[in-house]
Amino acid sequence: MTQIKLKIKKGDNVKVLSGKDKGKTGKVLRVIIATQKVVVENVNMHTKFQKSRKAGQPGQKITFAGAMAVSKVMLIDENSGKPTRVGYKFLEDGSKQRVSKKSGKAV
């Protein structure tokens, strides 16, 4: 089985393209390569109610960002501030660099 490469990485700023949070932007907190999902801060928020662990203490309401498909987000170009696709360019030293398709500059 081959390793799947994703063009979105941890720390990238992305814009949500579809779903209940369409149009929101945020920073990628986590990338799950096996399921091709990303966790974006303050997007796709879920609420979980946790029972009290000790008698006499109240339970807790926990909110957290859920994972969403990587195809629902698009990288925001740092130069123009608009969503862009990601391409790759090989440098003279042989290393590979991510490039914005919209501006042509390095991401």
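All figures in this text were calculated on a predicted structure; none of them were measured in a lab.
To the nearest 0.5 Å, atom CD of residue Q50 and atom NZ of residue K61 are 14.0 Å apart. The structure places CD1 of I8 at 12.5 Å from CD1 of I33, a figure rounded to the nearest 0.5 Å. K15 contributes atom NZ, which lies 9.0 Å from atom NZ of K22 (distance to the nearest 0.5 angstrom).
Enclosure of atom NZ in K9 by more than 12 non-hydrogen atoms of other residues, nucleotides or ligands within 6.0 angstrom is indicated. Taking a 6.0 Å sphere around NZ of K20, one finds it holds more than 12 heavy atoms contributed by other residues, nucleotides or ligands.
When the side chains of ILVMFWY residues are joined at heavy-atom separations under 4.5 Å, either directly or via intervening members, V31 and V40 end up in a single hydrophobic cluster. By the criterion of side-chain heavy atoms lying less than 4.5 angstrom apart, applied directly or through intervening Ile, Leu, Val, Met, Phe, Trp or Tyr residues, V38 is grouped together with V86 in one hydrophobic cluster. Neither L6 nor I32 shares a network with the other; the hydrophobic side chains, linked directly or stepwise wherever heavy atoms of I, L, V, M, F, W or Y lie under 4.5 Å apart, form separate groups for each.
Taking Ile, Leu, Val, Met, Phe, Trp and Tyr as hydrophobic and joining them when side-chain heavy atoms fall under 4.5 Å apart, one finds L17 in a cluster with M74.
In this structure the side chain of V16 reaches within 4.5 angstrom of the side chain of M68, judged on heavy atoms.
Not one N or O on the side chain of N44 forms a donor-acceptor pair closer than 3.5 Å with the backbone of A65.
In this structure F64 satisfies the ring-ring contact (aromatic ring centres under 6.0 Å, His included) test together with H46, sequence neighbours excluded.
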Distance-only check: which donor-acceptor pairs under 3.5 Å involve side-chain atoms of residues 92-107, not counting sequence neighbours?
unit_1 : atom_1 : unit_2 : atom_2 : d
D93    : OD1    : S95    : N      : 3.2
D93    : OD1    : S95    : OG     : 2.8
R98    : NH1    : K7     : O      : 2.7
R98    : NH1    : D12    : OD2    : 2.9
R98    : NH2    : D12    : OD1    : 3.0
R98    : NH2    : D12    : OD2    : 3.3
S100   : OG     : D77    : OD2    : 3.4
S100   : OG     : T84    : OG1    : 3.2
S100   : OG     : K102   : N      : 3.3
S100   : OG     : S103   : N      : 3.3
S100   : OG     : S103   : OG     : 3.4
K102   : NZ     : P83    : O      : 3.4
S103   : OG     : D77    : OD2    : 2.9
S103   : OG     : K105   : N      : 3.4

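The residue from V39, V14, V43 that alone fulfils the side-chain contact (heavy atoms from CB on, under 4.5 Å) condition with V28 is V14.
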